[in-house]
Structure formats: C-alpha cells, structure tokens
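Comments concern the structure below.
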Amino acid sequence: MIKSDHITTTTCPYCGVGCTLQLHVKDDFIFKVTTPFDSPVNHGNLCVKGRFGYDFIYHPKRITTPMIRKTRQEAGKRTQAFDLSEWREASWDEALDYVADNLTRIYKRDGSDAMAVYCCAKATNEDNYVLQKMYRALFRTNNVDHCTRLCHAGSVVALLQALGSSAMSNTASQVVMNDVFIVTGSNTSENHPIISLQMKDAVQKHGAKMIVIDPRRIDLVDMAEMWLPLKPGTNVPVFSAMAHVIVKEDLVNWDFVKNRTENFDEFLESLEKFTPEYAEEISGVPAEDIRKAARMYATAKSAAIYWGMGISQLSHGTASAMALIHLAFLTGHVGRDGTGLNPLRGQNNVQGASDMGSMPFHYPGYMRVDNPDNRTKWEKAWNIEEGGLSLKLGLTTTEILGNAHEGGIRALYIMGENPMMSEPNLNLTRHHMEQLEFIVAQDIFINESAAFADVFLPATPFAEKEGTFSNTDRRVQRVRAAHPPRGMSRPDWQIVCDIALRIESRLGLPTAHWAYSNPEEILREMGSVNPDYAGITYDRIDKEGLIYPVPHMEHPGTPTLFKESFPRGRGKFHALDYVPVREQVDDEYPFILTTGRLLEHWHGGSMTRNSALNEIYPEARVEIHPADAEIHGIRNGDPVKVQSRRGEVIVRATVTEKTTVGVIFLPWHFHEAAANLLTNDALDPQAKIPEFKACAVQVFPARESDLPNAEIVLNRGRY
Ligand code: SF4
C-alpha cells in the first residue's frame with residue numbers, strides 16, 4: 001500500500017455539486033482520491049469522475065511551456081495546429097509580451113468593440129474576476145462571456161426577470177425535506193450524480209414523491225411516482241397546462257399570489273388556452289397525467305422543482321424556465337426550507353464565474369453594466385476615471401464569434417473554454433474562428449479551439465492552484481494545491497495579472513490593482529463591492545465553505561433564499577405563448593436529435609478523454625428506440641450516419657428504450673463525432689442561448705470503414 005506524503009482537501013473540478021475531495025499525494029503525484037464522511041455536500045460519496053478522473057493532470061499531451069505559432073496566422077486563412085512541430089517554445093516574458101503587444105495593437109487600431117474574452121466555468125472565482133476586470137478596466141468592453149450562455153442562460157434570464165436573482169433558491173440536500181419534487185430536463189444521475197443519490201434517499205427513506213418530466217427514460221424514472229415523457233421542446237405547454245389545472249381546480253395559494261407576486265391577471269389571460277388537452281396534442285403527454293402531476297405538486301406541503309439544461313437549451317429557453325417559475329408562484333412553493341426553484345448548474349464553477357461578472361450584461365454580483373450607479377461603484381474599486389467604464393451591453397459567446405469579421409471582433413482571449421466543441425453548428429463556428437486576427441489560448445491542452453490560437457499560455461489545473469469555486473448550492477468552497485505546477489505552467493490569475501500590467505503600461509493608464517500577493521486578496525476586492533460575498537474569507541470557508549449571500553463577517557450564510565421577499569420585491573408573472581422549436585421534423589429529417597452528457601465524461605472531453613475514464617467509455621454512441629431501429633434496419637452496435645442540415649457524424653448505435661420513439665440522443669463529449677456539428681445555432685432572443693436540445697436529423701446505416709479511425713480519435717479536431 002502506498003503511504004501518502006500528504007493529503008490535500010479540495011473541491012471537485014467537474015460538476016456543480018462541488019464534492020469535497022481528498023487528494024492523496026506521493027512524490028508530487030496524486031495516486032488516490034477519497035472524500036470525508038462529514039462533507040456537508042457529498043456525505044462521503046463521490047461519482048466516478050471525482051474518484052478516478054484526476055490523471056489528466058499527468059497526461060503526456062499536457063502543455064506546460066508557453067508556445068507561439070511558428071507561422072503567423074492571417075485572418076480568413078487561420079488554420080488549426082495540433083502538431084507541436086507547428087509551434088515553438090517561448091519564455092514567459094516573450095509570450096506575455098507577445099500577447100500584450102498584439103492585444104494593445106488591435107485595441108489602439110480598432111477600439112473596444114474589436115476585443116472579446118471567454119472566461120471559464122472550470123477556473124476559480126479569482127481567475128474569472130481578474131480576467132473580466134482586465135477586459136472591462138483596460139479595453140473598456142463588456143464583450144465578456146463564458147459557457148453559462150450555453151447551459152443555463154435561459155434559466156438565468158427568467159429568474160432575474162421574475163425574482164431578481166438567478167441562483168438556486170434552496171440547497172440540493174434539502175430534497176429530503178420535500179414531500180413532492182419535480183425533476184425536469186435533467187438526467188441527474190449522470191450529470192449531478194450525488195444530487196441524484198440524495199433524490200433517491202428522499203424517495204426511499206423519506207417518502208417523497210418524485211415526478212420526472214423528460215423525453216428520455218432516465219434512471220430516476222424507476223423510482224418516480226410519475227413520468228411525463230414529453231417531446232423535446234414542449235415544456236411550455238406542459239408546465240402551463242399544469243398551471244391551468246392549478247388555477248381551474250382552485251389549488252392556488254392565494255395568500256402567496258396576493259402578497260408576494262404581481263402581474264397575475266395578465267398571466268391568467270395568457271393561460272386560458274393551455275388546457276391539458278391542448279398540451280397533450282403538442283407534447284404527447286396524456287392530459288390526465290398532466291392533471292395528476294399538477295394536483296400532486298400543488299397540494300404538497302413542501303414541494304420543489306429541480307431542472308437542467310433540457311429546460312434552458314432551447315430557442316425559447318427563457319419562456320421554458322418562466323413556465324416552471326409560475327408553478328412555484330401559484331403554489332407558494334418557494335421561500336421556505338424544503339421548497340424552491342433549483343436550476344442545477346453544470347460546471348464546477350459556472351455559478352461562481354457568473355457571480356464574478358463573466359457575462360456581457362453584468363458586473364460581479366449581477367450588477368447591470370448599463371446602470372450608471374453600478375458603473376461608479378466599479379470605477380472606484382478599479383481606480384478608473386469617472387465615466388471610463390462602458391455602459392454598452394457586451395456580446396454573448398455565440399454573438400462574439402458571429403461578429404468575427406472585418407469591422408467586428410478581431411482579437412479573442414480564450415481561458416479554458418473550447419468553443420470548437422461547445423458552440424452549436426460547428427462548421428459555422430470553424431469559419432468564424434478562421435476569421436479572427438489574433439487568438440490567445442490559456443489552457444492545459446491544445447484542444448480544438450487552442451489549435452487555432454497564435455499563442456498558448458500553459459495554465460494549471462485545479463490540483464495545482466489555490467482559490468475558490470462556488471457550487472450549484474451557492475456554497476463558496478476552497479480549492480487547494482496538492483503539489484507544485486508542472487513544468488512552467490502557472491495559475492490563471494497570475495498569468496492574467498501579468499498581462500494586465502503589461503497592457504496597462506502600453507496604454508499609459510493609471511494603475512488598477514493587479515499586484516495581488518495571493519488569490520484571497522482578489523476575492524476580498526470583489527467582496528468589497530459585491531455584498532453577497534462581503535463576509536467571505538478563506539478562514540471562514542476553510543472547512544465547509546459558506547452559502548452566499550454572506551453580507552458580513554458574522555453572517556452564517558443563507559441556505560434558503562426569498563423567505564421574506566424577492567430581490568426585485570414581488571415575484572413577477574409573465575404572459576407566455578407556445579413557440580415551437582425552430583426546426584421541425586419532416587420527411588427528409590424525421591428524427592428529433594437531443595444532446596447531453598454521460599456519467600463518465602465531461603463537456604468537450606479535454607479532461608475526461610485524457611484520463612482513465614476514457615477507457616471506461618471510449619467512443620460516442622447514438623441512442624435510438626427499438627421501434628425506430630427496426631424500421632431503419634439498424635441493430636445494436638451498427639455504425640450509422642446521423643445527418644442534419646448543418647453536418648454529419650458517423651457513430652455506433654445503441655438500440656435502447658431509454659429514448660422515446662422519434663427521438664435520438666447523442667452525447668457531446670466526442671470530438672471525432674461532435675454532436676454540435678449537427679445542432680442548430682438558433683438563439684433564444686432574450687438569453688441568447690442556442691437550441692442544443694432539439695434539431696431535425698436523419699439516420700442512415702453506415703459501414704464499419706466509415707467510423708472515425710484511431711488516428712483521428714487520437715489527434716483531436718480532425719473532423
Ligand atoms: Fe465531482 Fe460532481 Fe461527481 Fe461530485 S458528483 S464527484 S462534484 S463530478
């Protein structure tokens with residue numbers, strides 16, 4: 001048995017649950033991961049990613065030296081370089097000067113609107129805070145975004161409009177206090193495995209009733225009281241029909257509606273047409289089941305809703321989340337322990353990156369950038385002249401790339417994100433990436449997006465840096481270094497601050513603060529303006545973290561929000577209409593494709609596909625229902641071509657009743673069969689989130705020889 005030199009307690013780098021990890025280290029290598037039984041988040045449990053998904057840190061393909069492309073890339077002719085022979089090593093000084101020179105040159109020539117940055121939901125709060133600060137304080141632009149745009153933007157916008165706050169209202173562990181809970185648009189067992197364990201506990205040990213509303217027969221259906229298998233993209237009619245039943249059968253909590261909400265009459269008028277029969281016609285869910293689910297939720301003493309990206313990743317994602325919010329407003333199932341509106345956040349720190357202002361409409365703390373009072377607060381904090389920060393709303397992730405052309409975005413800084421896997425309609429994304437004049441990639445691998453860059457800055461993964469992550473519960477937790485950075489790699493915040501200092505001197509700007517001696521100073525600077533984090537210090541969160549809002553140093557944290565009122569005052573109902581998904585099935589493309597994650601993998605696969613997890617689940621599989629498979633002559637394991645109007649992939653089929661007739665499912669982790677080659681880039685007009693969850697496709701039998709070969713699988717990004 002190996003005896004560790006030391007054990008480092010930290011937070012999992014994968015999903016938003018934020019499990020506590022104990023990294024067992026020998027000779028500067030992690031050899032085992034355990035978790036303490038008293039963790040308030042995961043109570044001694046870990047999923048396969050947290051337990052075994054750490055060895056990407058030591059993968060031979062990890063880049064630990066700054067690199068510059070040998071051939072200067074031209075806008076319009078930019079190419080991907082996965083092969084290291086197309087790069088040369090550089091010193092940190094040379095690489096940082098190269099970045100500062102080029103960003104400053106483009107900014108001086110084309111101004112703020114030419115500059116854009118992708119922050120990172122995998123990086124720490126401190127990393128994200130300094131990067132958005134650099135773009136706002138130095139380049140005076142709000143073209144700052146990250147992958148929250150691609151996962152829960154619809155939920156965020158709906159919650160902000162209806163309540164004035166976008167995070168989960170209650171903690172996930174409160175599920176054991178629910179009498180009834182709805183899980184919708186979330187394959188929780190694969191995406192948030194530890195929360196799914198708590199849901200199963202709630203049913204088995206505490207007698208809660210679970211209602212699953214999802215197009216797929218997910219694992220939780222086995223324990224559910226009801227399963228409503230709706231067609232992808234028909235959430236609004238189903239949830240609104242439930243609201244219709246609650247109103248028509250007088251199951252409304254009138255005290256709550258009268259005292260805590262507004263705009264009920266306008267909403268009521270719009271609700272009239274959403275009868276259960278109307279919803280059945282659109283969604284395929286029997287009207288009687290809609291009635292039963294509505295009664296069950298409305299008459300419970302304590303009920304909650306947990307939802308995932310099946311709600312938000314639609315061109316009407318905001319309306320979809322709003323229809324869920326209405327259910328809580330009608331019944332008063334929000335503002336008490338054991339109730340709530342709970343969007344389960346995907347990445348380990350997507351909540352924190354959003355809190356830090358890594359978004360085009362908000363400073364840290366969700367302060368609107370177009371509000372002059374907010375601007376003044378951040379100008380003071382950052383030593384900026386009065387009126388210096390921009391009031392103009394920035395571009396979102398998809399818009400940033402869509403504007404990559406002469407007269408638009410010219411320079412893009414990508415910290416840890418991978419738009420060449422995560423954006424919809426990847427063939428178009430590729431075209432946009434080619435148009436950029438200068439790209440900085442700050443990452444640990446040369447992934448599909450970094451391969452387009454001019455310069456690669458080697459950052460450290462979670463186990464080689466200090467900082468904080470904020471999980472889906474709003475719990476701010478410590479991230480700790482288990483061993484020193486490999487090679488010349490450095491923590492993201494240090495790289496960003498060194499570049500900011502160089503740019504500041506080239507622009508002749510007064511000095512905003514960049515010379516932080518440790519990341520806690522960064523968090524304290526942010527907390528001095530953002531009251532939600534005002535009472536958070538590294539000492540106070542040393543053991544269990546704190547659940548924000550934590551408005552002062554004695555405050556114990558706030559597991560349940562909205563007990564007295566909502567941040568906007570009253571909760572606001574909104575009139576809704578049914579808007580179908582943008583691409584309907586037809587004779588040419590008769591299947592609905594829906595996409596998502598697998599238990600063993602994570603997003604674009606940069607980490608899990610370079611870890612032992614890839615041996616457990618090495619290739620993409622498309623799920624197809626047995627009835628559809630029979631009609632198309634497809635057997636389990638057969639190669640098939642899946643084609644949409646935008647692209648095609650060749651994968652093996654899994655014939656399974658996990659999916660429903662007419663719906664196929666493809667995970668998005670596999671670069672050699674990238675699901676986003678097929679998806680539709682239609683955007684929700686308010687949240688600007690793309691429609692990842694529904695597009696029309698055709699499936700054809702293919703040959704073994706058509707499958708991606710081993711060389712393509714090994715050398716990423718050759719699609
Ligand atoms: Fe990590 Fe999420 Fe698994 Fe917990 S549930 S170990 S946070 S991936």
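Just so you know, ligand 1 is whichever comes first in the structure, and atom 1 is the first atom listed for that ligand. Positions are given from 1 along the sequence.
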Test the Arg216-Phe665 pair against the cation-pi criterion, namely NZ or CZ under 6.0 angstrom from the six-membered ring centroid and within 45° of the ring axis. yes
Heavy-atom donor-acceptor pair, Lys693 side chain to Ile311 backbone, under 3.5 Å: no
Geometric class of the Tyr58/Phe29 ring pair [parallel <30°, tilted 30-60°, perpendicular >60°]: tilted
Within 45 degrees of the axis of the six-membered ring of Tyr14 and under 6.0 Å from its centre: does Arg51 put its NZ or CZ there? no
Within less than 2.8 Å of atom 2 (Fe) of ligand 1, how many protein N/O/S atoms are there? 1
Please confirm whether Arg62 makes a cation-pi placement over Phe445, using NZ or CZ under 6.0 Å from the six-membered ring centre and within 45° of the ring normal. no
Using a strict cut-off of less than 4.0 Å between a Lys/Arg side-chain nitrogen and an Asp/Glu carboxylate oxygen, indicate whether Arg149 and Asp684 qualify as a salt bridge. no
